[in-house]
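Every value quoted in this text rests on a predicted model; they were computed, and no experiment measured them.
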Amino acid sequence: MKDYVFIGWSRNRDIAIELKKNLDKYGFICVVGGQYEGNPESVRNRMGTVNETINFQMNHCDQSILLFQKIDDNVGISGNLIYELGYINAQYNYIQSPTKLHIFRIDITRADDALF
């Protein structure tokens, strides 16, 4: 069996769901962060709050993909996703992070770096 993969997202959950569907075809067990009905039963809404659920999901997964998008056109990025990035990075040691944590910027360009 392949790894559990946590997919953190901001702004557009549909992208995370499509990514999950594609990776599931290759035997990965993907978990879209939060309360998504398509997640495996073992990581679905097990805790009281969204934060507790996401922390449980991140702890349960072997790898992570974070999909960064601007919250609104030309305005900031999700504080929740920044939290997830820090939490996951701390979960993996500095040797594992480059191979287990994958970050994708969907609508953020190098020119936007100055905004953040």
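A salt bridge is absent between Lys100 and Asp3: the closest approach of a Lys/Arg side-chain nitrogen to an acidic carboxylate oxygen does not fall below 4.0 angstrom.
Among all heavy-atom pairs drawn from Cys61 and Val5, the shortest one is SG-C, 3.8 Å. Summarising the geometry of Cys30 relative to Pro40, their closest heavy-atom pair is O-CD, 3.5 Å, with the distance given to 0.1 Å.
Taking Tyr83 as the reference, Tyr87 meet the ring-ring contact (aromatic ring centres under 6.0 Å, His included) condition, with sequence neighbours excluded. For Ser64, the side chain to side chain contact (heavy atoms under 4.5 Å, CB included) test picks out Phe6, Ile88, Tyr92, Leu101, with sequence neighbours left out. Scanning for side-chain hydrogen bond (donor to acceptor under 3.5 Å, both in side chains) contacts around His60 gives an empty result, with sequence neighbours left out. Legend: residues meeting side-chain hydrogen bond (donor to acceptor under 3.5 Å, both in side chains) with Asn89, ordered by chain and number and at least two apart, are Ser97. Ile106 pairs by the side chain to side chain contact (heavy atoms under 4.5 Å, CB included) definition with Ile15, Leu67, Gln69, not counting sequence neighbours.
Glu84 contributes no side-chain N or O that, together with a main-chain N or O of Leu66, makes up a donor-acceptor pair within less than 3.5 Å. A donor-acceptor pair is defined here as one N or O able to donate and one able to accept, closer than 3.5 Å; no such pair exists between the side chain of Asn39 and the backbone of Gln35.
Listed by first and then second residue, the salt bridge (charged side-chain N to carboxylate O under 4.0 Å, His left out) pairs that reach into residues 22-35 are Lys20-Asp24, sequence neighbours excluded.
Distance check, rounded to the nearest 0.5 Å: CD of Gln57 to CD1 of Ile54 gives 6.5 Å. Atom CD in Glu18 sits 10.5 Å away from atom CD1 in Ile7 (nearest 0.5 Å). A distance of 13.5 Å separates CH2 in Trp9 from CG in Leu19, rounded to the nearest 0.5 Å. Within the model, atoms CD1 of Ile29 and CG of Leu23 stand 12.0 Å from one another, a figure rounded to the nearest 0.5 Å.
Under the 4.5 Å side-chain heavy-atom criterion for grouping Ile, Leu, Val, Met, Phe, Trp and Tyr, Tyr26 is connected to Phe104 within one hydrophobic cluster. Residues Val32 and Val50 do not share a hydrophobic cluster, clusters being chains of Ile/Leu/Val/Met/Phe/Trp/Tyr side chains in contact below 4.5 Å.
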Point to revise | Pair Asp62-Phe28, side chain to side chain contact (heavy atoms under 4.5 Å, CB included): steps then yes or no | key: CA-CA 10 Å; Asp62 307 298; Phe28 291 96; over 6 Å; no
